[in-house]
Amino acid sequence: MKLQLITWFLVCLISGSQARCTSNQFACSNGNCIPSSYQCDRYSDCGDNSDEVGCVCYVGDIRLTGTGSSVSRGNVELCIVNTFNAICGNVWSSNDAKVVCRQLGFNSSNATTTSQFGAATTTNIWTRVAGGCNGTESYLYSCPAYPVAVSCTSANPAAVICSSPYCPSSKFQCSNGLCIDTLYVCDGYNDCRDNSDETNCYFYSTNPTSISPSLATITNSISSSVAAA
């Protein structure tokens with residue numbers, strides 16, 4: 001009976017904390033409330049990592065979609081609060097396109113319209129991060145917000161066509177040619193989109209024989225020597 005009362009008290013305490021979270025906040029499993037924009041940002045803002053569980057995408061991630069799209073061309077979609085959003089094409093500029101291609105690991109770009117890749121695959125339209133880049137930023141999400149929200153529909157998404165891959169020595173080049181930060185290699189997420197950044201990540205395995213062939217050989221040799229002695 002005492003255990004049941006304690007359990008009931010803890011459930012009520014957590015539920016009460018979650019109930020206090022506003023519509024623009026995320027209710028953590030531990031009862032904390034954080035801004036919704038902190039969800040799926042690769043950081044445990046909740047303190048219990050519940051804001052990083054079940055993420056479809058992470059804040060600032062970009063993907064290219066649409067008819068005839070590839071890793072280097074297509075309609076631009078930006079991850080905001082665990083959801084991919086199309087970008088409004090009404091004020092899309094060449095500077096914005098340069099930043100997108102740079103983020104994806106390419107060294108130049110062209111801003112295009114819907115004529116080549118069709119309508120956006122999502123009805124979520126992000127109207128503030130477009131037309132605000134100066135072309136030198138490394139990430140689209142870091143660009144200043146466009147001064148005013150622009151009226152836009154999924155029929156007119158922003159798009160890019162990027163040229164040949166370019167990957168400096170300080171970055172990791174994926175098998176498909178994309179270039180990503182080395183911090184994203186072996187982080188448990190398919191940043192390359194071909195999973196090449198998550199290949200041969202031996203330290204994720206608890207099986208000593210899969211850590212490294214050479215290490216496994218050394219371990220077996222030592223074990224054999226000890227047994228023989």
Side-chain angles (χ1 to χ4, degrees), residues 37 39-43 55-114 116-146 150 152 154 156-168 171-185 187-198:
S37 59
Q39 184 184 4
C40 296
D41 62 354
R42 299 180 189 272
Y43 184 77
C55 295
V56 175
C57 58
Y58 291 93
V59 172
D61 282 356
I62 284 178
R63 70 179 182 183
L64 303 180
T65 63
T67 304
S69 63
S70 68
V71 294
S72 63
R73 56 177 59 209
N75 295 329
V76 180
E77 293 186 3
L78 177 68
C79 182
I80 306 290
V81 193
N82 199 26
T83 303
F84 274 109
N85 296 255
I87 306 295
C88 184
N90 290 352
V91 291
W92 189 242
S93 71
S94 58
N95 282 338
D96 300 321
K98 287 178 181 178
V99 174
V100 168
C101 290
R102 180 178 298 114
Q103 179 174 341
L104 292 176
F106 298 93
N107 59 5
S108 66
S109 64
N110 293 310
T112 69
T113 61
T114 59
Q116 185 163 353
F117 304 107
T121 58
T122 175
T123 56
N124 299 311
I125 310 296
W126 189 252
T127 60
R128 298 304 298 271
V129 183
C133 301
N134 61 32
T136 63
E137 297 88 351
S138 297
Y139 302 96
L140 182 64
Y141 191 66
S142 65
C143 290
Y146 194 69
V150 180
C152 200
S154 58
N156 186 34
V160 296
I161 297 177
C162 304
S163 65
S164 58
Y166 168 73
C167 194
K171 303 252 184 178
F172 175 82
Q173 186 156 26
C174 310
S175 297
N176 60 14
L178 292 183
C179 191
I180 64 172
D181 286 340
T182 53
L183 290 175
Y184 294 161
V185 177
D187 63 351
Y189 183 73
N190 183 17
D191 302 277
C192 281
R193 304 177 193 176
D194 63 1
N195 214 46
S196 58
D197 56 311
E198 300 302 314

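Between Asp61 and Arg63, the closest side-chain pair of non-hydrogen atoms is not below 4.5 Å.
Side-chain N/O atoms of Asn124 and Thr122 include a donor and acceptor closer than 3.5 Å.
Considering only residues two or more places apart in sequence or on other chains, Ala97 meets the side chain to side chain contact (heavy atoms under 4.5 Å, CB included) condition with Trp92, Ser109, Ala111, Val160. Residues satisfying the side chain to side chain contact (heavy atoms under 4.5 Å, CB included) criterion with Asp194, sequence neighbours excluded, are Cys174, Ser175, Asn176, Cys192, Ser196.
A distance-only check finds a donor-acceptor pair linking the side chain of Asn134 to the backbone of Thr136 [under 3.5 Å]. Between the side chain of Arg102 and the main chain of Gly135, a donor-acceptor pair closer than 3.5 Å is present.
Here the closest heavy-atom approach between residue Tyr184 and residue Asp197 is recorded as O-OD2, 3.6 Å. Scanning all heavy atoms of the two residues, the minimum distance from Phe117 to Gly74 falls at CZ-N, 3.6 Å.
Residue pairs meeting the ring-ring contact (aromatic ring centres under 6.0 Å, His included) criterion with at least one partner in residues 59-85, sequence neighbours excluded, are absent.
Taken to the nearest 0.5 Å, the CG atom of Asn90 stands 4.5 Å off from the CG atom of Asn156.
Distance check for Cys40 and Cys57: the SG atoms are not under the 2.5 Å cut-off.
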Walk me through whether Arg42 and Asp181 qualify under salt bridge (Lys or Arg N to Asp or Glu O under 4.0 Å). CA-CA 14 Å; Arg42 299 180 189 272; Asp181 286 340; over 6 Å; no
